[in-house]
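I have placed the structure first, in the form of structure tokens, so that the comments after it can refer back to it.
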There are 2 protein chains.
Amino acid sequence: MPIPTPAMVTTDCAVFRVSEHKLEVLLIARANAPFAGCWALPGGFLEPDETLAECAARELVEETGVVPDYLEQLASYGDPGRDPRGRTVTIAYLGLKSDTAQSLAAADDAADARWFAVSSLPSLAFDHARIIADALTRLRAKLSYSSIALKLLPAEFPLSALQNVCEAILGHPLDKRNFRKQILGLGVVEDTGRRQRLGQHRPAMLYRAATTRGIQIFR
Amino acid sequence: MPIPTPAMVTTDCAVFRVSEHKLEVLLIARANAPFAGCWALPGGFLEPDETLAECAARELVEETGVVPDYLEQLASYGDPGRDPRGRTVTIAYLGLKSDTAQSLAAADDAADARWFAVSSLPSLAFDHARIIADALTRLRAKLSYSSIALKLLPAEFPLSALQNVCEAILGHPLDKRNFRKQILGLGVVEDTGRRQRLGQHRPAMLYRAATTRGIQIFR
DNA sequence: ACAAAAGTGTTTCAAATACACCCATGT
DNA sequence: ACATGGGTGTATTTGAAACACTTTTGT
């Protein structure tokens, strides 16, 4: 029986937010080799006593200061040669950050941390461009059959904000009346009774994520 | 900067087939510790110069002799403590085997290899019960929006065989007329012009996977 | 003739789509 | 009064679901 070859295990996070109608992803400028100075997904080596998800969240906070509002495993990438340091396998996570102002704090392995519009990404280290593409595909797909979009919004939000988020992710406009009909029909949001007056126009009703856990599918 | 802790990386395959209207998964009886004698998914350690998918396919063949007709990455599992030998992370794959007679050849780390109905699984090593549950969820979900079920059939097959496969995976019967309407409407299969005479009843038309690559979604 | 699986259409219902105007507020 | 985004309803089309009988073969 061959002796098992150890590999380095890392996690990487593709964290998205929607800001001013644009879908953005969080990147760091790498401080160290390999790819020093290059933009990359925040991530790092797995430590002995943490789960994969804990590692992803920890590295994200260490490198960017961003605490994600949602994190799910995306996929793993382990082609030989993806990392010039040697054999590494990375477990990639898809993260979402609700759109509330928060300063970025680059630290640790990161020289800088910035949000980039997914429509104009810089060239990326490792296979991170591929990971982001896969994350986007997943995000767009889940939009239609889950309440994942709510994670990109604050606790209370008008329906127009939810529609903006969906449009930013899908990259095309949606019909307002059909959108509201569908969202309310799904029962994933509920009226708070409160309303938001903001700007020189009619105030918007505020909604929150419904307390019913998960999506109900009958039959 | 902390020194990265190496971890052992393995792959495991949950390979399914449909046999006599029952969905089955391929398991091995482990020859070595830990969990010696226990049933487990076929899998093993990643070697230096192979991709994750190559590792999954290689270990599967080594341990069971089964060459899968389809293999896709499922998810990764790396909780500390999932393996008594030390820190391991496994990349799990979902595999499918078309229903053509083939003998199993237990070898290598496997004392025995057998197909088990998913409805009556033995107790399993590591977190493999969880992996199988996740694989089943994925398989059922993809049934409705992909041509994955065709991988469980030989190259040419009657529509009734496809229906049987779908029913075995979903665990409930389907309406024959609606099923055929949907399948033919999707365009994922095409008529071969040939027909299969078998048994004392009307011969069935044979179909094959359509040559059009992928699933077309318009609009 | 009978057994056994193959093959075939229509009606009903639910959901998705397309589409345009009035409402409440601030200036 | 007007500018700005908030909020609402209906008609049409499309796809899903329910449902039963005739056909072709082997024995």
Side-chain angles (χ1 to χ4, degrees), chain A residues 18 20-21 99 140-141 143-147 149 153-154 156-168 170 172-208 215-219, chain B residues 18 20-21 99 140-141 143-146 149 153-154 156-168 170-208 215-219:
Chain A
V18 173
E20 293 168 7
H21 287 224
D99 187 23
R140 292 194 173 114
L143 207 57
S144 44
Y145 65 88
S146 76
S147 52
L153 294 168
E156 300 195 350
F157 52 87
L159 285 188
S160 59
L162 180 55
Q163 186 176 344
N164 283 338
V165 161
C166 292
E167 288 174 338
L170 294 174
H172 60 81
L174 300 168
D175 180 85
K176 189 175 24 163
R177 282 173 292 191
N178 292 336
F179 179 81
R180 300 167 83 93
K181 212 185 311 174
Q182 285 166 205
I183 294 295
L184 295 175
L186 285 173
V188 293
V189 298
E190 59 189 18
D191 198 328
T192 62
R194 307 179 54 209
R195 53 187 63 224
Q196 180 186 57
R197 50 200 160 289
L198 173 66
Q200 55 187 19
H201 53 82
R202 176 172 174 173
M205 291 181 184
L206 288 174
Y207 291 80
R208 61 170 161 256
I215 302 236
Q216 297 282 343
I217 297 178
F218 306 106
R219 192 168 321 227
Chain B
V18 172
E20 293 168 7
H21 286 226
D99 188 24
R140 292 192 175 117
L143 207 57
S144 44
Y145 64 90
S146 76
L153 294 167
E156 300 195 349
F157 52 88
L159 286 188
S160 59
L162 180 55
Q163 185 175 345
N164 283 338
V165 161
C166 291
E167 289 175 336
L170 295 175
H172 61 81
L174 299 168
D175 179 85
K176 189 177 18 164
R177 282 172 293 186
N178 292 336
F179 180 81
R180 299 166 86 92
K181 212 185 311 172
Q182 286 165 206
I183 294 295
L184 296 175
L186 284 173
V188 294
V189 299
E190 58 190 18
D191 198 328
T192 62
R194 308 178 54 209
R195 50 187 65 224
Q196 180 187 58
R197 48 200 162 290
L198 172 68
Q200 54 187 19
H201 55 82
R202 177 173 175 172
M205 291 180 184
L206 288 174
Y207 291 80
R208 62 171 161 255
I215 302 235
Q216 295 283 345
I217 297 180
F218 306 107
R219 193 169 319 231

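Order of the sequence lines fixes the chain letters, A, B, ..., with proteins taken first and strands second; residue numbering starts at 1 for each chain.
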Starting at atom [atom1] of [X], determine the distance to atom [atom2] of [N], rounded to an integer number of angstrom.
{"X": "A:Gln163", "N": "D:dT8", "atom1": "CD", "atom2": "P", "value": "14 Å"}
{"X": "B:Leu174", "N": "D:dA18", "atom1": "CG", "atom2": "C1'", "value": "14 Å"}
{"X": "B:Arg177", "N": "D:dG15", "atom1": "CZ", "atom2": "P", "value": "20 Å"}
{"X": "A:Arg197", "N": "C:dA24", "atom1": "CZ", "atom2": "P", "value": "16 Å"}
{"X": "B:Phe179", "N": "D:dG15", "atom1": "CZ", "atom2": "P", "value": "19 Å"}
{"X": "B:Leu186", "N": "D:dT14", "atom1": "CG", "atom2": "P", "value": "17 Å"}
{"X": "B:Leu159", "N": "C:dA6", "atom1": "CG", "atom2": "P", "value": "9 Å"}
{"X": "B:Arg180", "N": "D:dG15", "atom1": "CZ", "atom2": "C1'", "value": "20 Å"}

So, is A:Ser160 close to the D:dG6 phosphate, meaning a side-chain N or O under 4.0 Å from OP1 or OP2? yes
Check: [X] side chain, [Y] main-chain N or O, donor-acceptor pair, under 3.5 Å:
{"X": "B:Ser144", "Y": "B:Ala141", "result": "yes"}
{"X": "B:Gln196", "Y": "B:Leu206", "result": "no"}
{"X": "B:His201", "Y": "B:Leu198", "result": "yes"}

Nucleotide nearest [X] when distance is taken to its side chain, options [options]:
{"X": "A:Gln182", "options": "C:dG7, C:dT17, D:dC19", "value": "C:dT17"}
{"X": "B:His201", "options": "C:dC19, C:dA6, D:dC19", "value": "C:dA6"}
{"X": "A:Asn178", "options": "D:dG6, D:dA18, C:dT17", "value": "C:dT17"}

Closer to the 5' end of DNA chain D via nearest nucleotide, is it A:Gln200 or A:Lys176? A:Gln200
Just verifying a value: how many Å separate B:Arg177 CZ and B:Lys181 NZ, rounded to the nearest 0.5 Å? 8.0 Å
Answer yes or no: side-chain N or O of B:Lys181 and base N or O of C:dT8 forming a donor-acceptor pair under 3.5 Å. no
A:Arg197, CZ: over 12 other non-hydrogen atoms inside 6.0 angstrom: no
